[in-house]
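A quick write-up on the structure given underneath.
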Amino acid sequence: MNKEKAGVNVGVDVGKYQLDFFIWERNKHFVVENNDDGIREAIGRLRRYQLDRIVLEATGRYEMAFTLAAFEKKLPIAVVRPILIRQFARAADQQAKTDKLDAQIMARYAATMNPG
């Protein structure tokens with residue numbers, strides 16, 4: 001196993017038109033469109049890593065296409081209740097204000113809380 005690719009937690013901020021990804025252990029951020037092509041690109045990028053988990057919030061069904069695609073590729077995905085992310089952000093004194101920061105706090109939540 002390649003150590004550089006081990007133990008990666010990803011947060012995904014889901015929007016109607018875009019998906020913001022933050023890879024916690026690599027301090028990397030990227031954005032794709034929330035459509036079939038963008039989802040395919042994101043999954044291709046994420047499959048390079050040994051993923052511990054991908055965390056995203058349940059947000060009005062905009063997360064469904066990515067969630068299903070990740071599940072089909074057997075990626076470790078956890079859809080969490082938004083209140084848990086907000087409480088975690090508040091406890092960490094980080095009130096996210098941008099899509100990138102939202103994705104970052106979700107990735108930190110994934111690394112710290114280890115949701116199933």
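In this structure, the separation between CG on L46 and CD1 on I39 is 11.5 Å, given to the nearest 0.5 Å. From D13, atom CG reaches atom NE2 of H29 across 8.0 Å, with rounding to the nearest 0.5 Å. Atom-to-atom distance recorded for L75:CG and I43:CD1 is 6.0 Å, nearest 0.5 angstrom. L68 CG to K73 NZ: the interatomic distance, rounded to the nearest 0.5 Å, is 13.0 Å. Of the inter-residue distances, the one linking Y109 atom OH with Q94 atom CD reads 15.0 Å to the nearest 0.5 angstrom. The CD atom of Q87 sits 6.0 Å away from atom CG of L84, with the distance rounded to the nearest 0.5 Å.
At least one side-chain heavy atom of P115 sits under 4.5 Å from a side-chain heavy atom of V55. No side-chain heavy atom of V31 sits under 4.5 Å from any side-chain heavy atom of F21. Side chains of N27 and I23 form no contact here, defined as non-hydrogen atoms less than 4.5 Å apart. The shortest side-chain heavy-atom distance between D99 and Q18 falls under the 4.5 Å cut-off. Under the 4.5 Å side-chain criterion, counting only non-hydrogen atoms from C-beta, F66 is in contact with L19. Two residues are said to be in side-chain contact when any heavy atoms from C-beta on lie closer than 4.5 Å; I105 and F22 fail this criterion.
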field: Steps toward side chain to side chain contact (heavy atoms under 4.5 Å, CB included) verdict (M106, W24)
entry: CA-CA 9 Å; M106 282 185 257; W24 180 250; over 6 Å; no
- prompt: Is there a side chain to side chain contact (heavy atoms under 4.5 Å, CB included) between V10 and Y49 once you walk through the steps?
  reply: CA-CA 10 Å; V10 179; Y49 298 97; over 6 Å; no
query: Does the side chain to side chain donor-acceptor pair (under 3.5 Å) test come out yes or no for D102 and Q104, once each step is laid out?
result: CA-CA 5 Å; D102 285 343; Q104 184 177 16; over 6 Å; no
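Across D20 and K100, no two heavy atoms sit closer than the pair OD2-N, 4.0 Å. Closest approach of A111 to E25, counting heavy atoms only: CB-OE2, 3.9 Å.
Relative to the six-membered ring of F30, R45 meets both conditions, a distance below 6.0 Å and an angle of at most 45° to the axis.
Contacts of R81 classified as side-chain hydrogen bond (donor to acceptor under 3.5 Å, both in side chains), with partners at least two apart in sequence or in another chain: none. For E33, the side-chain contact (heavy atoms from CB on, under 4.5 Å) partners at least two apart in sequence or on another chain are N35. Every side-chain contact (heavy atoms from CB on, under 4.5 Å) that A58 has, sequence neighbours left out, goes to E63, V79.
Looking only at distances, no side-chain donor or acceptor of R53 sits under 3.5 Å from a matching main-chain atom of N9. Checked by atom type and distance alone, the side chain of E57 never pairs as donor or acceptor with a backbone atom of I85 at under 3.5 Å.
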